[in-house]
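Notes follow once the structure below has been shown.
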Amino acid sequence: MGDAKYFQRGKIQELRQELATDKKDVKFTRKKTAMKKIVANMTMGNDMSPLFTDVISCMQIPVLEVKKMVYLYLIHYAKSKPDMAVMAVNSFVRDASDTNPLIRALAIRTMSYINVDKIIDQLADPLHHCLKDSDPYVKKTAAVCVGKLDMHDPHLVEREGFLDSVRELLNDSNATVVANAVAILSEIAERSERFELTIDTSMANKLMTAINDCNEWCQVYLLEALLFHTPQESTDAELLAERVVPRLQHANSAVVLSSVKAILYLANYIQKEETVNSLYRKLAPPLVTLLHNGPEVQYVALRNILLIIQKKPDFLKGEMKVFFCKYNDPIYVKMAKLEIIIRLANENNVEQVLSELREYSSEVDVDFVRKSVRSIGRCAIKIEQAADRCIQTLVELIRTKVNYVVQEAIVVIKDIFRKYPNRYESIIATLCENLDSLDESEAKASMIWIIGQYADRIENAHDLLDSFLEPFKEEPPEVQLSLLTAIVKLFIKRPTAGQELVPKVLKWATEDIDNPELRDRAFIYWRMLSTDPVAAKQIVLSEKPPISTETDNLDPDFLDDLLLYVSSLSSIYHKLPTAFIGGIKPRRLHHSRALNPMRKVAPLDQFESNKG
Amino acid sequence: MISAFFIFNAKGEVLISRLFRHDIKRSVADLFRVHVIADSSNKSPITTLGATSFLHVRHENLYVVAVTRGNANAALVFEYLYRFVTLCRQYFGLLDDSTVKANFVLIYELLDEVVDFGLPQSTDHQTLSLYITTESIRSERAVLEDAKQITLQATGAISWRRPDIRYRKNEAFVDVIEGVNLLMSTKGTILRSDVSGQILMRAYLSGMPECKLGINDRLLLDRDAHPGGAERAVAERQRRGQGSGGVELDDVQFHQCVRLGRFDSDRTISFVPPDGEFELMRYRTTDSISLPFRVTPHFSQSSTTSAEYRVHVRSMFSPKVFAQNVVVKVPTPTNTANVKVVVGGGKAKYVGAENCVVWKIARFPGATDLVLTFSCELSHTTAGKSGKAWSRPPISMDFQVLMYTASGLLVRFLKVFEKGSYESVKWVRYMTKAASYQIRF
């Protein structure tokens with residue numbers, strides 16, 4: 001089958017002979033075959049660098065396919081043989097002024113991939129010419145070369161003034177050239193300390209004109225560049241956003257998400273609230289449509305939707321159903337959908353949401369089931385009217401006796417008890433039936449908390465706590481702490497029931513355990529109980545602060561910062577790029593008259609960048 | 001952006017490896033092998049280790065992977081990976097372990113052209129096939145003789161079409177294909193139903209034809225998308241929808257050939273099509289969908305040793321059309337030992353490997369009822385097995401209904417304008433199929 005036969009380990013000596021001159025090889029077929037074997041071996045990870053001189057000598061062969069393979073070889077091995085790589089320079093320089101634009105472009109493109117100083121130095125001259133070439137294909141290739149060069153040697157780029165040449169290309173009549181030039185400038189501006197890219201209003205409009213005349217990838221580069229433009233007037237921002245809107249209908253999800261990002265960014269500079277709201281409304285249908293793409297793109301879309309609904313909670317109102325999980329969705333899509341379902345849940349749709357969550361709780365994937373059960377609890381805390389139904393569903397789930405479902409349910413029921421005290425204590429009996437099956441510390445701690453909190457209503461609370469106390473020393477700190485507090489609560493509420501347990505737990509916690517947190521807490525309880533029981537009661541049984549699902553929300557300033565990174569890895573991890581990537585400048589909003597006063601502009605001295 | 005590109009086979013062997021940036025080494029391939037291919041608990045398409053992120057898609061038995069060291073645009077990377085797979089399939093017919101090995105030189109050649117410095121450049125098969133072909137001699141000649149035309153084409157506004165196309169007979173085929181999504185609850189209420197449609201086109205037209213497509217859309221994405229007021233929107237609706245019969249689309253997406261600005265201002269779908277087959281647009285709608293089939297399941301488990309099913313399927317479309325290749329899959333408990341099937345039409349049998357009864361009906365006429373009944377004999381579950389209850393997956397259905405659209409969408413016209421002002425013949429077909437048609441029970 002085709003070239004598959006070359007995928008086997010080749011011996012250097014044999015390959016060398018095959019490459020060696022052979023008069024009969026008129027059409028260079030033998031050399032071509034040898035090169036294919038070498039490239040295949042390179043791919044497999046076999047070291048082909050001993051053949052360097054032999055391969056370079058093939059550079060003169062006038063067969064394009066051979067030439068491209070030689071180039072591939074050079075890109076791969078030049079770094080390890082820099083001195084020999086220089087032998088190729090003349091051939092490159094000659095090609096860079098060939099009459100054929102494809103050959104010119106190929107020459108500078110390959111040369112700029114070779115990470116060897118002596119070659120890069122020789123690139124400067126031809127690159128200057130190519131940046132002013134008459135052919136747009138050569139020019140766009142040259143613009144990208146400057147990006148490569150800057151990564152290799154930013155000082156060379158500065159010395160030669162290449163960035164100015166690329167900036168001039170922004171005025172080129174060919175949209176593809178403009179897009180590639182702006183892509184390179186944006187990228188360099190993102191990491192270089194010495195270079196800032198600013199795009200003024202007329203340039204921004206030029207970019208939006210170019211967008212009609214280039215392919216989908218170039219459209220992405222143009223849209224991304226809008227984040228380097230600071231609108232001075234609210235109306236400018238509005239007009240620009242209007243020009244971005246049609247791109248939301250593009251079939252390529254990257255174009256759609258970059259448009260979303262640009263619109264969200266421009267909205268910071270638009271004063272009229274209704275205009276902003278109308279823009280947000282336009283984002284909703286295209287974002288939902290992204291869920292008809294491949295699962296990977298769905299995932300990217302879902303993580304971004306999760307950010308945007310925190311900014312504008314009602315912007316997907318009524319679209320709940322599209323986030324319901326399909327049985328065969330990949331697990332990462334299901335998890336991401338679940339997060340959104342919870343955020344969209346409200347008193348009107350909670351019935352539907354609960355029956356979905358109930359359904360998910362009987363699926364196969366353990367993590368998904370756990371998260372579904374947990375979500376039922378979040379529903380109860382978020383929507384008071386739904387609490388009854390949620391408790392009912394959770395009790396049903398506990399009755400299934402599926403171990404991890406029961407434990408997860410107990411954890412969330414604890415929170416529901418805290419949120420709505422004195423309402424659902426009747427189900428404690430059901431919970432107590434499952435004590436033996438608890439083997440996870442969080443579930444255990446939750447159950448113990450419930451027993452302690454309601455010690456005065458649970459007849460046999462002391463027996464139950466006693467049974468937990470038995471393996472006390474082996475338990476994880478979380479359970480130990482919870483048990484200590486629960487027993488003290490029991491003692492304060494029903495001194496006779498707790499009098500045997502308290503000394504036991506205090507003694508263990510203070511003498512046998514090394515954990516300072518536990519020991520200190522036990523000492524505090526001990527002192528209080530022995531000196532001032534009334535104060536102890538006030539403190540131990542004090543009013544607890546209310547809990548809410550608000551804590552799930554991201555900090556508003558942090559959220560605004562994240563929204564500058566829609567569609568990127570940051571938006572998926574919900575982390576700023578500075579947190580996981582070195583050598584990147586943080587993006588921020590620049591001040592202008594039109595900037596929404598609610599938006600925080602990072603002061604200049606906070607300009608932190610982790611050089612790495 | 002993208003620092004490296006790899007293709008691995010299922011065994012984790014590197015079939016293609018290309019670095020675009022020097023910020024990583026080839027040895028990152030080993031990291032991917034260990035942390036993704038060999039780690040079955042890692043199911044995410046994105047894996048970040050330190051500052052290095054791997055984004056991958058699966059195709060056939062392959063892992064197609066992009067590696068980045070920066071805060072890459074994830075949507076762009078995935079779209080690119082999808083597109084690369086499509087491109088290879090356009091070149092080789094399919095993309096799997098053996099085709100990659102058989103064409104690795106060409107794949108390297110394509111990669112060099114399609115991505116530069118990790119930035120996707122052009123992924124249009126039409127343009128690339130001008131100078132990168134499976135016959136190297138032809139590519140060679142094209143590069144030498146037509147270089148100027150190629151470079152203009154690759155950087156031009158219409159990169160998806162060559163200017164020199166000639167057909168003796170000018171034809172255009174339009175296929176409207178709708179996928180119906182349905183999720184029905186145990187109680188028989190519709191949790192979710194929507195249609196995702198595609199309009200596919202096969203254009204065999206000469207020159208640079210300007211096409212206009214008219215559909216019966218009542219789409220008003222957002223009335224204030226049209227500054228100038230509601231009247232215009234209403235007038236437009238009357239003009240287009242002609243009273244009733246219009247379809248309200250929730251959203252549309254277009255192939256890059258469609259002029260989006262034009263669509264945004266006056267809702268005209270105008271374009272210069274690529275040559276041959278392409279997806280002109282995608283749409284989705286949730287408004288007044290006619291579901292082609294109604295499924296009513298009855299399930300009862302009388303004892304621990306048997307379960308009874310009765311599945312009633314009714315075709316809701318007109319008797320003039322029919323559905324073909326109808327398949328209904330009814331999941332059975334995992335401890336099913338034996339199944340007795342009674343079926344009113346088609347063929348049904350128990351497939352143990354999939355834990356379900358598969359019911360196939362080759363031709364299902366409109367407005368017809370069919371019933372499947374069967375009972376499962378269940379074996380006693382062992383103690384270990386009973387720990388996990390059977391999750392009862394939904395009943396799923398597959399079908400194709402020809403000359404029928406669940407949304408009611410119709411193509412009203414396709415106009416072709418070209419300098420040569422030739423006659424062209426147009427054909428329209430419709431098909432509705434199941435996308436994810438699931439009924440819980």
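Below, read A as the first sequence line, B as the second, and so on, with proteins coming before strands; counting in each chain starts at 1.
A:P285 is not listed as a side-chain neighbour of B:D250, based on a closest heavy-atom distance of 4.5 Å or more. Within the 4.5 Å cutoff, side-chain heavy atoms of A:H292 are placed close to those of B:D194.
Side-chain atoms of A:N215 and B:S122 form no donor-acceptor pair, as typed in the model, at a separation below 3.5 Å.
A salt bridge links A:E187 with B:R21: at least one charged nitrogen is closer than 4.0 Å to a carboxylate oxygen. Salt-bridge formation is not detected for the pair B:D116/A:K140: no Lys NZ or Arg NE/NH1/NH2 atom is positioned less than 4.0 Å from an Asp or Glu carboxylate oxygen.
For the set A:A175, A:A254, A:S567, the count of heavy-atom pairs under 4.5 angstrom toward chain B peaks at A:S567. Counting heavy-atom pairs closer than 4.5 Å to chain A, the top-ranked of the candidates B:G179, B:S53, B:S196 is B:S196. Between chain B and the options A:V255, A:V63, A:N115, the largest number of non-hydrogen pairs under 4.5 Å is found for A:N115. Interface check for chain B: of the options A:I331, A:N100, A:V245, the most heavy-atom pairs under 4.5 Å are formed by A:N100. When each of A:M69, A:R247, A:M44 is scored by its heavy-atom pairs under 4.5 Å with chain B, the top score falls to A:R247.
Between B:F104 and A:Y6, the angle of the ring planes goes over 60°, which puts this pair in the perpendicular group of the 30/60° scheme.
Relative to the six-membered ring of A:F7, B:K101 meets both conditions, a distance below 6.0 Å and an angle of at most 45° to the axis. A cation-pi contact, defined as under 6.0 Å to the ring centre and within 45° of the axis, is absent between B:R392 and A:Y327.
Only the side chain of A:Y565 comes within less than 4.5 Å of a heavy atom in chain B; its backbone stays farther off. Within the 4.5 angstrom heavy-atom criterion, atoms from both the backbone and the side chain of A:P286 approach chain B. Contact annotation for B:L152: only side-chain heavy atoms (C-beta onward) come within less than 4.5 Å of a heavy atom of chain A. The contact between B:T123 and chain A is made by backbone and side chain atoms together, counting heavy-atom distances below 4.5 Å.
Between the CH2 atom in A:W217 and the OH atom in B:Y80 there is a gap of 8.5 Å [rounded to 0.5 Å]. To the nearest 0.5 Å, atom NE2 of residue B:H255 and atom CD of residue A:Q249 are 16.0 Å apart.
With hydrogens and angles disregarded, a donor-acceptor distance shorter than 3.5 Å links the side chain of B:N71 to the backbone of A:L569.
A salt bridge (Lys or Arg N to Asp or Glu O under 4.0 Å) with B:D112 is found for exactly one of A:K67, A:K68, A:R109, namely A:R109.
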Step by step, work out the side-chain hydrogen bond (donor to acceptor under 3.5 Å, both in side chains) result for B:Q253 and A:T289.
-> CA-CA 8 Å; B:Q253 280 188 313; A:T289 301; 5.6 Å; no
